[in-house]
Enquirer: 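Mind looking over this structure? Questions follow.
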Amino acid sequence: MWFILLLIAPCLAFHMQEPLPPARSSRLSPVEGWVQVRLNHFMAYDTRTYPMRYYYNNEFAGARGNLVIFVGGEWAISEGWTQAGLAYELAKKMGAGLFYTEHRFYGSSRPFADSALPNLSFLSIDQALADLAQFIQYIKSDDFEYGRFRNAKVALVGCSYAGTMATWMRLAYPHVVDAAFSDSGPLLAQENFPEYLEVVAEAIREQGGETCLNNIEEAMRQLVVLVNSTAGANQVSEMFKTCTPLQAGIPLDVATFFWYGITETFAGLVQGASPGDIPAACVKLNDTSVASHVQRLANYITSDSWNQPCIETRYTQVVANHRNTSFDAYESTSK
Ligand SMILES: *[C@@H]1O[C@H](CO)[C@@H](O)[C@H](O)[C@H]1NC(C)=O
Ligand SMILES: *[C@@H]1O[C@H](CO)[C@@H](O)[C@H](O)[C@H]1NC(C)=O
Ligand SMILES: *[C@@H]1O[C@H](CO)[C@@H](O)[C@H](O)[C@H]1NC(C)=O
Ligand SMILES: *[C@@H]1O[C@H](CO)[C@@H](O)[C@H](O)[C@H]1NC(C)=O
């Protein structure tokens, strides 16, 4: 019997950015592969398939031939996670073949030419889990490298939504998956989610200090007052380099500014953090040579690459961007 190491990866639930892989430690480049999986796993007469993408690193696949699968979520997969990180370390420990699977409708795993509404009925976690099951059965079959993984034990590693997938896989397909490691996988769908930002604040307190957190709080207090007037909103627009002037009289625009400009930036700082990122942000937020707390916040926010080239504050524009059904649209995957 083998078990999963409990290691902590920098990952929380629900954020929009793919976690960045750590610095590469593998000496090998992974192989990109494709497997035809069923479009609709739950309708026997629907025999359509689509190509699902994966990366494969066989650096550690030893005689025992176990499998570690890093599960992809709502983003395009990248080679980095088969060359370093938790799943990589686990594969090394287990002498396992390492795979990174791509979720249908994301990255290059596109069942259709676009994501128009009728096509979205095929985008569900049940279909995505069934994709994974079919993928694992294929990798363990004689069709993959002459059946070298025929008797493999299978461990899944997933982060955020993909952590949810790893958990449900173990429950829904216990005969296919032997162990699952879920890092911050949300299991309870919940409207609003204050616990998320509480964890973000805790991480900033731990790594950046209480003063840093207090400085953010003071800046936010002043910002809320500023955006309540046209003159203040204009000042904020300049400080934070919004794409167009923020409209104080449009509550949804003000909310969009706080959500995309501020909240998501801090969420990304914590969830996608590399060691040193939070202290570096706090150096700006603590900078007493800048008298205004709001200006300090602006100095940090505008330096974060997430907000380049400018902060979009128009709610209608954000909605229009999300309605774009092209797979190449900026909002079609997490970045
Ligand atoms: C997918 O959407 C396109 C429209 O963009 C449509 O032509 C096609 O029939 C849809 N496919 C399915 C299976 O609904
Ligand atoms: C915003 O402005 C309105 C009317 O000018 C005022 O009643 C309200 O107290 C202000 N809110 C804040 C947070 O300043
Ligand atoms: C400001 O942030 C830096 C980096 O986290 C930290 O070293 C420093 O102690 C903070 N300054 C204060 C006054 O807390
Ligand atoms: C949707 O996104 C694609 C790819 O970025 C872009 O070419 C297209 O112009 C966008 N469509 C609309 C309606 O904005």
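Atoms within each ligand, like the ligands themselves, are counted from 1 in listed order. All values reported here derive from a predicted model rather than from experimental measurement.
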Enquirer: Tell me yes or no: between the side chains of Gln127 and Asp131, is some donor less than 3.5 Å from an acceptor?
Expert: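 No, no side-chain donor-acceptor pair sits under 3.5 Å.
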Enquirer: Of Asn119, Thr325, Asn324, which is the lone residue that meets side chain to side chain donor-acceptor pair (under 3.5 Å) with Asp114?
Expert: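 Among Asn119, Thr325, Asn324, the one that satisfies the side chain to side chain donor-acceptor pair (under 3.5 Å) with Asp114 is Asn119.
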Enquirer: Between Asp328 and Arg110, is the closest basic N to carboxylate O distance under 4.0 Å?
Expert: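 Salt bridge present between Arg110 and Asp328.
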Enquirer: Of all the non-hydrogen atoms in the protein, which one sits nearest to atom 2 (O) of ligand 2, and at what distance?
Expert: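 Protein heavy atom at minimum distance: Asn228 ND2, 2.4 Å.
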Enquirer: Out of Asp114, Thr325, Asn324, Asp328, who gets a non-hydrogen atom closest to atom 11 (N) of ligand 4?
Expert: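 It is Asn324 that holds the nearest heavy atom.
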Enquirer: Less than 4.0 Å from atom 4 (C) of ligand 2, is there any heavy atom belonging to the protein?
Expert: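 Given the 4.0 Å cut-off, atom 4 (C) of ligand 2 does not count as touching protein heavy atoms.
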Enquirer: Establish whether atom 7 (O) of ligand 4 and some protein heavy atom are separated by less than 4.0 angstrom.
Expert: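 Neighbour list for atom 7 (O) of ligand 4 is empty of protein heavy atoms (cut-off 4.0 Å).
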Enquirer: Please check atom 14 (O) of ligand 4 for a protein heavy-atom neighbour under 4.0 Å.
Expert: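 Yes; the ligand atom in question has protein heavy-atom contact below 4.0 Å.
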Enquirer: Answer with yes or no whether the side chains of Gln247 and Tyr315 bring together a donor and an acceptor at under 3.5 Å.
Expert: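 Judged by distance alone, the side chains do not pair up.
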Enquirer: Please work out whether the ring planes of Phe99 and Phe135 are parallel, tilted or perpendicular, with thresholds of 30° and 60°.
Expert: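 Answer is perpendicular, since the angle exceeds 60°.
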